[in-house]
2 protein chains.
Amino acid sequence: MSNNSIFIKKLRSSGLRPTKQRIKICKLLFDRKNTFHFTINYLNNILKNKYAEKISLATVYNTVNAFKKKGHLKEILISSDKSYYDTNVSNHHHFFDENKRELIDLDDKDVGKINIKKALPGKKINSIEVLVKIANNN
Amino acid sequence: MSNNSIFIKKLRSSGLRPTKQRIKICKLLFDRKNTFHFTINYLNNILKNKYAEKISLATVYNTVNAFKKKGHLKEILISSDKSYYDTNVSNHHHFFDENKRELIDLDDKDVGKINIKKALPGKKINSIEVLVKIANNN
DNA sequence: ATACAGTTTATAATGATTCTAAACTAGTGT
DNA sequence: ACACTAGTTTAGAATCATTATAAACTGTAT
């Protein structure tokens, strides 16, 4: 229970009350070495299996949306029928494996410098994201 | 009516019967100089205003899906709540204006060569797409 | 013309997500 | 400890985009 304090701080500093539900979701999402890619449904299933006390689906949505708004999660656009989220909120890119329907992180070093040569007056660039779709070779 | 024959050929060669509805949608989508970006809802509204005889929403969906499957339209991923389509099916990139919520084409020349340095065994790259989000400067 | 497969259509169904409003809880002040 | 208030959670209803259904219609090959 001691390392919950990290998440309690994280939540408080984002103006979110550290509730039981949010702490559980934090642990699941952020207490890991590697990036985690997920859909709401997948996250909800893990929560159901991991904890006896159920967390309402509405809360899962609320929490993910709150984390997204606060910049702790990033929505990744790969498919129009579901939302995918990423715990890696840094500027980075993705492979999307079309066979496994699975996301793989690509960091800036994996993608050569991208030089946008067109500019629009009065507009600034907020982000540049590359999506590389891959599939089995045969 | 004479230039309908272009669309009739286009449809036939894709194995789609040239129906009244499909020809109307073809004219709307492909009879223009510049790329056209749209959502189903937007397309449906234009059709409603342009023609007295109504085309069922289901047909609009069916037709757009058929055109997508046949490679005449491309789905663009910018937002998880709606599907955006593009009549430019060549490999190209986009600006997305977050204020106007509007897509702008970027061709390959506008985006420097992209060099993916990571490879996965047994996988080939199907497509590389860059999405550049832009917003007002102030 | 006839027949049949492909299309269109209105409507129902689905599925992801958001809304609602009542019950609950964390944090603050007493 | 106690109570107050604003923020949360919850189950279920509502919404919205999209897809399925199945009956009516149409293009085309014979």
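None of the values given here were measured: they were computed from a predicted structure. Below, all heavy atoms of this structure are taken into account, side chains as well, without hydrogens, waters or symmetry copies. Here is the naming used below: chain letters follow the sequence lines, and residue numbers restart at 1 for every chain.
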Do Tyr42(B) and Tyr85(B) make the cut of ring centroids closer than 6.0 angstrom?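 They do not qualify: ring centres at least 6.0 Å apart.
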
Between [X] ([atom1]) and [N] ([atom2]), how many Å, whole number?
X: Leu11(A); N: dA26(C); atom1: CG; atom2: C1'; value: 12 Å
X: Arg12(B); N: dT26(D); atom1: CZ; atom2: C1'; value: 13 Å
X: Lys69(B); N: dT7(C); atom1: NZ; atom2: P; value: 11 Å
X: Leu16(A); N: dG27(C); atom1: CG; atom2: C1'; value: 15 Å
X: Ile40(A); N: dT18(C); atom1: CD1; atom2: P; value: 8 Å
X: Tyr42(A); N: dG15(C); atom1: OH; atom2: C1'; value: 21 Å
X: Asn44(B); N: dA10(C); atom1: CG; atom2: P; value: 11 Å
X: Leu43(B); N: dT18(D); atom1: CG; atom2: C1'; value: 15 Å

Any luck finding a side-chain donor-acceptor pair between Asp86(A) and His94(A) under 3.5 Å? yes

Would you classify Asn62(B) as touching base, sugar-phosphate or nothing, given that sugar-phosphate means primed atoms plus P, OP1 and OP2, and contacts are heavy atoms under 4.0 Å? base

Given that Thr19(B) and Asn65(B) both sit by DNA chain D, which one's nearest nucleotide is further toward the 5' end? Asn65(B)

Please work out whether the ring planes of Phe67(A) and Phe30(A) are parallel, tilted or perpendicular, with thresholds of 30° and 60°.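 Tilted.
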
Tell me whether the side-chain N/O atoms of [X] come closer than 4.0 Å to OP1 or OP2 in [N].
X: Arg17(A); N: dT9(D); value: no
X: Arg22(B); N: dG6(C); value: no
X: Gln21(A); N: dT25(C); value: no
X: Ser83(A); N: dT17(C); value: yes

Would you kindly check if the NZ (Lys) or CZ (Arg) of [X] is within the cone defined by 45 degrees around the ring axis of [Y] and under 6.0 Å from the six-membered ring centre?
X: Lys133(A); Y: Phe95(A); result: no
X: Lys27(A); Y: Phe7(A); result: no
X: Lys24(A); Y: Tyr51(A); result: yes

Closest-nucleotide mapping onto DNA chain C: is Gly15(B) or Ser80(B) further toward the 5' terminus? I mean the 5' end.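 Whichever sits nearer the 5' end wins; that is Gly15(B).
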
What are the residues of residues 51-61 of chain A, sorted by number, that bring a heavy atom to within less than 4.0 Å of DNA chain D? Lys54(A), Ile55(A), Ser56(A), Ala58(A), Thr59(A)

On a heavy-atom basis, which atom in His92(A) and which in Glu129(A) lie closest, and how many Å separate them? O-CG, 4.1 Å

